[in-house]
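Notes follow the structure.
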Amino acid sequence: MEGWLVFSVLCLLFWGLWGFILKLAYSNLSWVETYFLSSLSSFILVLFVVSYYGLKFPPLNTYSALAFIAGFFGGAGYVFFVKALEQGKASVVIPLTALYPAITAVIALVVLREKISVYQGIGIILAVLASILLSLK
């Protein structure tokens with residue numbers, strides 16, 4: 001089995017557990033407490049990864065600025081995610097927010113001029129339709 005596939009499946013499993021466990025945390029914590037504790041554990045993981053692999057500070061250039069901006073957007077998205085999960089059903093919030101790759105694909109199509117195959121386009125449309133169906137009462 002190829003390495004990327006193993007990592008993709010592990011990501012899928014860990015993120016599936018992540019959303020479920022976050023929803024459980026809300027039974028006795030506020031969204032701010034949940035956000036703080038889960039972000040703190042992510043920061044601790046970052047410290048372990050950096051200590052294991054080593055890290056010298058990257059040069060300050062356009063690409064390091066982009067990485068920093070990406071981190072901001074990811075963190076802000078996480079704030080909105082925990083707020084949505086606090087108020088909504090995990091079975092609806094998680095599939096809906098999991099549509100973010102469709103946003104990336106459309107932006108890549110427009111800005112980077114990447115090609116999307118017919119099957120990929122159909123997949124994006126079906127994913128959006130599935131999220132709409134999941135959100136109906």
Side-chain angles (χ1 to χ4, degrees):
M1 186 177 293
E2 295 187 46
W4 68 267
L5 184 57
V6 171
F7 291 133
S8 296
V9 170
L10 288 172
C11 176
L12 174 70
L13 294 173
F14 275 70
W15 279 355
L17 289 169
W18 165 68
F20 174 74
I21 292 169
L22 274 178
K23 188 62 179 179
L24 291 177
Y26 286 122
S27 64
N28 211 359
L29 296 173
S30 72
W31 80 268
V32 175
E33 293 166 328
T34 304
Y35 172 68
F36 172 74
L37 292 171
S38 63
S39 295
L40 181 62
S41 68
S42 291
F43 181 71
I44 291 168
L45 180 61
V46 165
L47 294 177
F48 280 113
V49 169
V50 167
S51 69
Y52 182 79
Y53 287 101
L55 175 72
K56 58 180 184 172
F57 203 80
L60 297 178
N61 58 30
T62 302
Y63 301 103
S64 56
L66 288 172
F68 189 82
I69 292 167
F72 174 81
F73 279 116
Y78 184 55
V79 169
F80 298 132
F81 175 77
V82 294
K83 279 297 290 175
L85 198 56
E86 175 195 41
Q87 297 174 16
K89 292 180 175 181
S91 60
V92 176
V93 170
I94 292 170
L96 179 62
T97 57
L99 278 177
Y100 74 88
I103 301 296
T104 303
V106 170
I107 293 171
L109 174 73
V110 172
V111 176
L112 302 176
R113 306 274 189 238
E114 290 187 2
K115 303 288 184 214
I116 294 178
S117 73
V118 172
Y119 290 124
Q120 291 167 331
I122 291 169
I124 290 170
I125 291 167
L126 290 175
V128 170
L129 288 174
S131 287
I132 291 169
L133 292 173
L134 282 168
S135 65
L136 297 175
K137 291 185 179 189

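In terms of hydrophobic clustering, with Ile, Leu, Val, Met, Phe, Trp and Tyr side chains grouped at heavy-atom distances under 4.5 Å, Ile103 and Leu112 are assigned to a common cluster. Taken together through direct or relayed side-chain contacts under 4.5 Å among Ile, Leu, Val, Met, Phe, Trp and Tyr, Phe48 and Leu37 form part of one hydrophobic cluster.
In this structure, Phe81 CZ and Leu96 CG are separated by 10.5 Å, a value rounded to the nearest 0.5 Å. Put simply, OG1 on Thr104 and CG on Leu109 are 12.5 Å apart, with the number rounded to the nearest 0.5 Å. Summarising the geometry, atom CD1 belonging to Ile122 is positioned 7.0 Å from atom CG belonging to Leu126; distances are rounded to the nearest 0.5 Å.
Clustering of Ile, Leu, Val, Met, Phe, Trp and Tyr side chains at separations under 4.5 Å leaves Phe68 isolated, with no partner residue.
What you find for Ala105 and Ile116 is that their closest heavy atoms are O-CD1, 3.7 Å. Considering every non-hydrogen atom in both Pro95 and Leu134, the closest pair reads CB-CD1, 3.4 Å. Across Gln120 and Lys115, no two heavy atoms sit closer than the pair OE1-O, 4.0 Å. Taking every heavy atom of both residues into account, Val93 and Ala84 meet most closely at CG2-O, 3.5 Å.
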- [ ] Would you please test Val82 and Tyr26 for side-chain contact (heavy atoms from CB on, under 4.5 Å) and show each step?
- [x] CA-CA 9 Å; Val82 294; Tyr26 286 122; 2.9 Å; yes
Solution key, residues 6-23 side-chain donor-acceptor pairs under 3.5 Å, sequence neighbours excluded:
from  : atom 1 : to    : atom 2 : distance (Å)
Ser8  : OG     : Trp4  : O      : 2.8
Lys23 : NZ     : Leu85 : O      : 2.8
Lys23 : NZ     : Gly88 : O      : 2.7

Do any side-chain atoms of residues 28-35 form donor-acceptor pairs under 3.5 angstrom with protein atoms, and if so which ones, sequence neighbours left out?
from  : atom 1 : to    : atom 2 : distance (Å)
Ser30 : OG     : Val32 : N      : 3.4
Ser30 : OG     : Glu33 : N      : 3.1
Ser30 : OG     : Glu33 : OE1    : 3.4
Glu33 : OE1    : Ser30 : N      : 2.8
Thr34 : OG1    : Ser30 : O      : 2.9

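Test Ser42, Ser38, Ser39 against Tyr78 for side chain to side chain donor-acceptor pair (under 3.5 Å) and you get one pass: Ser38. Of the options Val50, Val49, Leu55, a side chain to side chain contact (heavy atoms under 4.5 Å, CB included) to Tyr53 is made by Val49 and by none of the others.
Using a 4.5 Å heavy-atom threshold, the side chains of Phe80 and Thr97 count as separate.
Enclosure of atom CD in Glu2 is not indicated, since only 12 or fewer non-hydrogen atoms of other residues, nucleotides or ligands lie within 6.0 angstrom.
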